[in-house]
*Asks:* 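Below is the structure I would like to discuss, written out as structure tokens.
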Amino acid sequence: MEFEFIPIDYDYFEVNDRTFVRIIGRNSVGKRVCLIDDCDVYFWAILKESVGEKKIKSVMEKIDAIKIRENSKTIKVLKTQLHDKKFLGKDVKAIKIFIENCKYDGKLAEKINFSEIESIKEHDLAYVTRYILEKKVAPLSWYRVGGSVLENSSEFGGIDSAFEDVDLFVRVEKIEKSNKENANFMPKIVAFDIETDEFDVGKGKILMISLVSDGFRKVLTWKKINEKVENVEYFKDEADMLEAFVKYFKKLQPDILTGYFSDGFDLPYLKARAEVNKVKLSLGLDESVPRFSGGMSPRGRINGVVHVDLFKFIDVAYSQYLQSETLGLSDVANELVGEGKKDYEFKHDSKMSSNDWKKFFEYNLQDSLLTYKLFMKAWPDMMEFSRVMQEPLFSVSRDGMSSNVENYIIHNLFRYDEIIESKPGHHEISKRRERERYEGAFVLQPTPKLYENIVMFDFTSYWPSIISTFNLSRSTFLGDKKPKNLKEKDFLEVDISEKNKSKFYFSKAKGFFPLMLEEIIKKRKEYKEEYKKNSTPILKARSNAFKLLANASYGYQGFFGARYYCPQASAATTAISRDFIKEVISKSEKAGFKAIYSDTDSIALEMKTKSKNQALDFLKKINSELPGIMELELEDFYKRGIWVTTRKGEFGAKKKYALINENGKMKIRGFETVRRDWCTLARELQNQVLFRILKEGDEKSALDYAKQVIKKLESRDVEKDKLVIRAQLKKPLSEYVANTPHVTIARKMVKAGMPVDQGMLISYFIAESKDKKALTRDRAFLPDEDKLYDIKYYLEKQILPAVENIFMVFGIDSEDLVREKKQKTLGDF
DNA sequence: GCTTTCGCTGTACC
DNA sequence: ACTGGTACAGCGAAAGC
């Protein structure tokens, strides 16, 4: 039979020591289909350059003859072939070694240690990746499939009878790309969330579980109250509730199960409580229970249903662009779908009234609902990531950007006839981690001042455009000595450091990494243009996927876990970036502008007597002189901007400025306003002060405002939540060497039996103390503790530091401010 | 016993 | 363990006088 099919989930299984891929997806009428297919399994032995044909033949014979015993089975090589391939851009002769089952690739590779062999490659690829590479059956695009239907067949270990919830099993005979439009494929989604009475996984009981799907909302609980609540269903006990969860899940037949933090909390908790209650959590299409793998950060897999932990994807794909201060569900949902959580205060079980429970149920349902909505928002991006990286949703939704870059490379290398480089081993990784640091970007020291009429330019995709233009990569790196066998015009010399005069050399013959990057940047441009004409979420997602890939390419080459690790390319990239931005700075000064500030790829210029058109002409001229795909673009024109000094020094602070454009929109960087570890009072005050100064061009009204706030603070008129300071626990509490206020408070919370987890934001405020020498941490208290806030601390450590170097620009120095403050204090008392 | 320096820690910029 | 370096700032303990 022949039909249209879209792959969603990939996995592999074994029958009689042979590996097969199992692809779950949908056909064009929405039926759930499972394809069974297989592909050749092989790896490569790259031969040393000097090895002659005769020797090659004998090596191949030796490889053909390899046999190993494993569990009373004999494992052998199926066949070998000699190929002309490329490895890291160089021509090589390589033996393609076919084997029966990829789980033996490591053991067989070990046996092939003949002196004629340079190295073994591609023995470390996952079966699913091999399959997608070999058969070109990428996720989430439509295919035309021809094959035979399996019905109660024993051929594949009875797989078709084990998977009850699959409508059709097909052994693939032919599979090729279909013309069917695949832009808006929408799988069936179920979002879930649990509430428990203990934080540690499995320790307490699950009180309730909520499920949300298209047209379906439900809360399952065994905490019965004497009231019927919409969408809430009561059960006898935890076990009954868990059974009902499985039942509803099966009835909904989702393609994807999604939760927020569900790899680390909801799914493992469900599994643990199901085991305790002797309930089979048979969520898999084959009735199997969720499996966990991945040690430190486990990933929960369900056979046939893709489990997506949305948090991980949000972290990788969006966190960079999010304004929200935490990556919690409430903050993220607020920003991305315009809807946050309802406020809910947790109480102890015994203290809860019927009404409290009712609110708890609503809260639980709301979490699933937000997760569901957030998933819908993220889906176009996730789908495009999966299509572009050509890896299954399960991994793409969890992979970091370096894996994404690497997957993109792996799935595109065949176009260059390249053999794929291996992952570094443990030894190699630890060696790489000890490497010397290389110099990074250039940052221009600003002169503190209020400036008028500013233009800001920045380079588009600066580092990627340098990598591509100058061909900086692992396969084009020639070493740190001038190559003797090449003509001057065929290689590039890069000065890495002004200090020790070291140089790196790169070939000018284009390598695959820079070529792929050029393509990525081009595609990003294309899709961005297309999106402007036709604004669909998918086009936006596609353009975004390529943008993120380009941005991550620089970090990838410097990442110790990368297959194509090349810190020399990273060092050359930053070195070249310093040269070009400095050149733009000097050209701008020659053209009559004044360079105020510059960081990495951007430059702020004081227009002086220049018009906007003259600024744009200057931009045009710069661009006409830039090589390759490098491009400088207009960021914006600004009416005013302010740069300040560092806290102590007389010199201008880097990475800290505020601008206002002609529409009155502010752009604030680095100031306490944008830092979450400062109290709201200081942040809001600073924001107002900056706004007034930038809007009006002088400090008068800002100064009045600041005085008002100080007065309010001193007369204890400030609400305590505006004084709460928050800092994140970035590692387990036990690993802290320094006893900072937030660590002290976190330890106090643990003692009080409050949930404290790595990654948590710890809130506290500073209270008065009789002991004049008391350390800050001894005066730190939880926000709900009944203490008087320390006026002196907030004035001297929060309010004044937030504004004093701004006023300093107007000659109002810190001593003036303190005197001002003291006079006020005297007047107030 | 006071001041200065320095390591730890967190956060932001690009 | 899951991109890189640059920069600022607070806190607390050690070092310096």
*Asks:* Could you tell me whether A:R301 sits above the aromatic face of A:F394, with NZ or CZ closer than 6.0 angstrom to the six-membered ring centre and within 45 degrees of the axis?
*Replies:* yes

*Asks:* Does A:Y438 reach a base, just sugar-phosphate, or nothing at all? Heavy atoms under 4.0 Å.
*Replies:*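 If one applies the 4.0 Å heavy-atom cut-off, A:Y438 turns out to touch the sugar-phosphate alone, with no base involved.
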
*Asks:* Which part of the nucleic acid does A:N739 contact within heavy-atom distance under 4.0 Å: base, sugar-phosphate only, or nothing?
*Replies:*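 Sugar-phosphate: the residue A:N739, judged by heavy atoms under 4.0 Å, touches backbone atoms but no base.
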
*Asks:* Strictly distance-based, threshold 3.5 Å: is any side-chain N or O of A:E391 a donor or acceptor partner for the main-chain N or O of A:V396?
*Replies:*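 Checking the backbone N and O of A:V396 against the side chain of A:E391, no donor-acceptor pair under 3.5 Å is found.
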
*Asks:* What nucleic acid atoms does A:K731 come within less than 4.0 Å of, heavy atoms only: base, sugar-phosphate, or nothing?
*Replies:*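 A:K731: backbone/sugar contact only, no base atoms under 4.0 Å.
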
*Asks:* Need one value for A:Y597: base, sugar-phosphate or nothing, where a base atom within 4.0 Å counts as base even if backbone is also close, heavy atoms only.
*Replies:*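 It contacts nothing in the nucleic acid.
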
*Asks:* Between C:dG12, C:dA9, B:dC13, spot the one nearest the side chain of A:T776, thanks.
*Replies:* C:dG12

*Asks:* Please name the residue in the list A:W463, A:F457, A:Y462 that meets the ring pair (Phe, Tyr, Trp, His ring centres under 6.0 Å) test with A:F459.
*Replies:*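 The single option meeting the ring pair (Phe, Tyr, Trp, His ring centres under 6.0 Å) with A:F459 is A:Y462.
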
*Asks:* Can you check the A:K656 NZ to C:dA7 C1' distance for me, whole Å?
*Replies:* 10 Å

*Asks:* Please check if atom NZ in A:K523 has more than 12 non-hydrogen atoms from other residues, nucleotides or ligands closer than 6.0 Å.
*Replies:* yes

*Asks:* Where do N or O atoms of nucleotides 1-3 of chain C meet protein N or O atoms at under 3.5 Å, pair by pair?
*Replies:*
residue	atom	partner	partner atom	Å
C:dT3	OP2	A:S402	OG	3.2

*Asks:* Considering non-hydrogen atoms only, spot the tightest contact between A:F637 and A:N661 and give its length.
*Replies:* O-CB, 3.5 Å

*Asks:* NA contact type, A:Y657, heavy-atom cut-off 4.0 Å: base, sugar-phosphate, or nothing?
*Replies:*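 It contacts sugar-phosphate atoms only.
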
*Asks:* Using atom CG of A:D601 as one end and atom C1' of C:dG4 as the other, report the distance to the nearest whole Å.
*Replies:* 14 Å

*Asks:* Heavy atoms only, 4.0 Å cut-off, all strands: where does A:P741 land among base, sugar-phosphate and nothing?
*Replies:* sugar-phosphate

*Asks:* Counting the atoms with a prime plus P, OP1 and OP2 as sugar-phosphate, which does A:R675 contact under 4.0 Å by heavy atoms, base, sugar-phosphate, or nothing?
*Replies:*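 Base contact - A:R675 has a heavy atom under 4.0 Å of at least one base atom.
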
*Asks:* Rounded to whole angstrom, note down the P distance from B:dG10 over to C:dC2.
*Replies:*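 Roughly 15 Å separates the two P atoms.
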
*Asks:* If you look at every strand shown and take non-hydrogen atoms under 4.0 Å, does A:K655 touch a base, only sugar-phosphate, or nothing?
*Replies:*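 Counting heavy atoms under 4.0 Å across all strands, the contact made by A:K655 includes a base.
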
*Asks:* For a quick check of understanding: with a heavy-atom distance under 4.0 Å over all strands, which category does A:Y736 fall into, base, sugar-phosphate or nothing?
*Replies:* sugar-phosphate

*Asks:* Taking five pairs at each end of the helix from B:dG1-C:dC17 to B:dC14-C:dG4, what angle separates the two helix axes (nearest 10°)?
*Replies:* 20°

*Asks:* Assign A:Q557 to base, sugar-phosphate, or nothing according to its heavy-atom contacts below 4.0 angstrom with the strands shown.
*Replies:* nothing

*Asks:* Checking all strands, does A:R435 fall into the base, sugar-phosphate, or nothing category for heavy-atom contacts under 4.0 angstrom?
*Replies:* sugar-phosphate

*Asks:* Tell me whether the NZ or CZ atom of A:K582 lies within the 45° cone about the ring axis of A:F442 and under 6.0 Å from its centre.
*Replies:*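 Yes; both conditions hold, so A:K582 lies above the ring face of A:F442.
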
